[in-house]
There are 2 protein chains.
Amino acid sequence: MASPRSGATRPGDRRARSRPSLQGIADLPARDRAYHDLRYRILTGRLAPGTTLLETELAALLSLSRTPVREATIRLAEEGLIAIRPRHGITVRSLTLNDVRDILDVLSALEIRAVELVARRGLARADHDRLLHLMDRMERATEAGDIAQWSEMDDDFHSTVAGLCGNDRLLSTLDEYWSQQYRPRMMIVPLRPKPTQSNIEHRRIVEALAAGDVEAARLAQQQHRARADRQQLDLLRDRLADGADRA
Amino acid sequence: MASPRSGATRPGDRRARSRPSLQGIADLPARDRAYHDLRYRILTGRLAPGTTLLETELAALLSLSRTPVREATIRLAEEGLIAIRPRHGITVRSLTLNDVRDILDVLSALEIRAVELVARRGLARADHDRLLHLMDRMERATEAGDIAQWSEMDDDFHSTVAGLCGNDRLLSTLDEYWSQQYRPRMMIVPLRPKPTQSNIEHRRIVEALAAGDVEAARLAQQQHRARADRQQLDLLRDRLADGADRA
DNA sequence: CCGGCGAATAACGTATACACTATTCATGGC
DNA sequence: GCCATGAATAGTGTATACGTTATTCGCCGG
């Protein structure tokens, strides 16, 4: 990513919301392999929230020495995925409902700004077509009741839009917060009702973008996120009601 | 900071926009001392933009071994203050006008969200009084033509407001971006005209906060930042016109 | 039986050592 | 004279070693 950050995130990836993956990290330095490997395990639940490991144990797990593992964990801690408590271990952070709310509050603010920037820059024909195509597919998935696939495409949609904003720092921070809400977001996929409202709102957003109407785009995105975030928090509350109070 | 980040930023500091300082870092671990020391030197210009040093040289400069210095530089690179180019050195980042624009675009989006949150939470009497007091002093400084002091209080004002938002992650990210624009902001202080318009806008913001009017607060903050950022970029462009094209 | 004090231990923070590789400089060929 | 090729070099990435200190466990006293 041509971002201000140093450590390569994923080579040649210009989009926020990179779905967890280990593609193409084989020849990266050990520190970056450790970072991506751990991030992947955390986001996919292979390292469950609450899991606590010592530096030495993590190093053994990854077959590395403590040095690159330390550097990776510092980065992951900065990004909010783990908590480092010296002599108590490195813990995969679990999130309370309030944590998720805070994360979404930042995420949505950033995404709104991204959409404003896209509207200001204008939408190229190819990008517009791509979004229209995506929305068609999302609507078909909705009718077919395939919420899981819809959810993936929803990520893709917002990621694609944000990716057009032209502000790498914004994308970088967006990606950081997106990572933080990835697990809770996945948790509630099976609970989602048919996202007909989201589909409508997506159309409104793209229309505003195509028209280059910054204010309309801001409003559409803001309302979309406000409603979607409220729904996500509600579903998460239900989900957390049976079980622990953390995700 | 009771933030998601691991490395102590400044012990017991609950505000964003911590003015560069080395208070109370004496007994922190070497890695954190290195981080704060370098950050301080960069923000205050003691390490000028473009300065390039090798890991070994930095370690010697700080009288530490490479390990804690490396960990500090990784963090500073993540925060956008330095660029690490292996075998070419660690360079204090200099910013183009476009960089500053990108930074301000993120910063203002975050600050707008912070203000919305404050409005939603409501303004305690003590905080309201404090802001009123600050605004009085800023207006007196304006009349007295003491722009430098006004600028400091302006930081204080926005920092205080943001600090009331109740979202530590937001504050953390806000602080990161605030650091990035600190130097360019300082550069143009001597060029600023009397900030009478800002003073008026501050009153509007606080009124909306006191009324708990989220939408009015958002609008007031948005307009304030849009105008102030535009002014800052204009002044910076002038400033950069005579000299290099980077800050 | 519980609580506090102290020694043992082990985890971490930092320093250092080592090996790899990118860069540079010099030499030789074109 | 310039470019390319190779060896020298030095900076970094990683491993490891070491010292400090927080935590834990056991023992003793209350």
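In what follows, chains carry the letters A, B, and so on, assigned in the order in which the sequence lines appear, proteins first and then strands, with residues in each chain numbered from 1. Values in this document were obtained by computation on a predicted structure and should not be read as measured data.
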In whole angstrom, what separates [X]'s [atom1] from [N]'s [atom2]?
X: B/Asp32; N: C/dG13; atom1: CG; atom2: P; answer: 9 Å
X: B/Leu62; N: C/dA15; atom1: CG; atom2: C1'; answer: 15 Å
X: B/Arg70; N: C/dT16; atom1: CZ; atom2: P; answer: 16 Å
X: B/Leu28; N: C/dG13; atom1: CG; atom2: P; answer: 12 Å
X: A/Arg33; N: D/dT14; atom1: CZ; atom2: P; answer: 7 Å
X: A/Ile84; N: C/dG13; atom1: CD1; atom2: P; answer: 8 Å
X: B/Glu57; N: D/dA10; atom1: CD; atom2: P; answer: 13 Å
X: A/Leu58; N: D/dA15; atom1: CG; atom2: P; answer: 14 Å

Salt bridge (Lys or Arg N to Asp or Glu O under 4.0 Å) for B/Arg41 and B/Asp37? Distances and angles first, verdict last.
CA-CA 6 Å; B/Arg41 291 182 198 228; B/Asp37 197 345; 2.9 Å; yes
Find the distance between CZ (B/Arg183) and OG (B/Ser94) and round it off to the nearest 0.5 Å.
7.5 Å
How long is the gap from SG on A/Cys165 to CG on B/Asp105, to the nearest 0.5 Å?
9.0 Å
Would the base of D/dT12 count as contacting B/Thr56 through its side chain, where contact means a donor and an acceptor less than 3.5 Å apart?
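In this structure, the two groups form no donor-acceptor pair.
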Regarding B/Tyr177 and B/Glu111, is there a side-chain donor-to-acceptor distance under 3.5 Å anywhere?
no
Each nucleotide in nucleotides 17-26 of chain D should get exactly one letter: B, S or -. Can you fill that in based on protein heavy atoms under 4.0 Å?
B--BBSS---
So do A/Arg113 and B/Ile112 actually touch side chain to side chain, heavy atoms under 4.5 Å?
yes
Could you tell me whether a side-chain N or O of B/Glu152 sits under 3.5 Å from a main-chain N or O of B/Gln149, the two making a donor and an acceptor?
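Between the backbone of B/Gln149 and the side chain of B/Glu152 there is no qualifying donor-acceptor contact (under 3.5 Å).
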Smallest separation among heavy atoms of B/Leu170 and B/Leu110, with atom names:
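The answer is CD1-CD2, 3.6 Å.
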Given C/dA15, D/dG11, C/dC12, the nucleotide with the shortest approach to the side chain of B/Leu54
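It is D/dG11.
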Nearest listed nucleotide, side chain of A/Pro29, among C/dT14, D/dA15, D/dG13:
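Selected nucleotide (nearest to the side chain): D/dG13.
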Does B/Thr67 make a side-chain N or O approach to OP1 or OP2 of C/dT14 shorter than 4.0 Å?
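So the side chain of B/Thr67 is outside the cut-off, no N or O lying under 4.0 Å from OP1 or OP2 of C/dT14.
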Closest-nucleotide ordering on DNA chain D, the 5'-leading residue of B/Arg85 and A/Leu64
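Going by which nucleotide is closer to the 5' end, it is B/Arg85.
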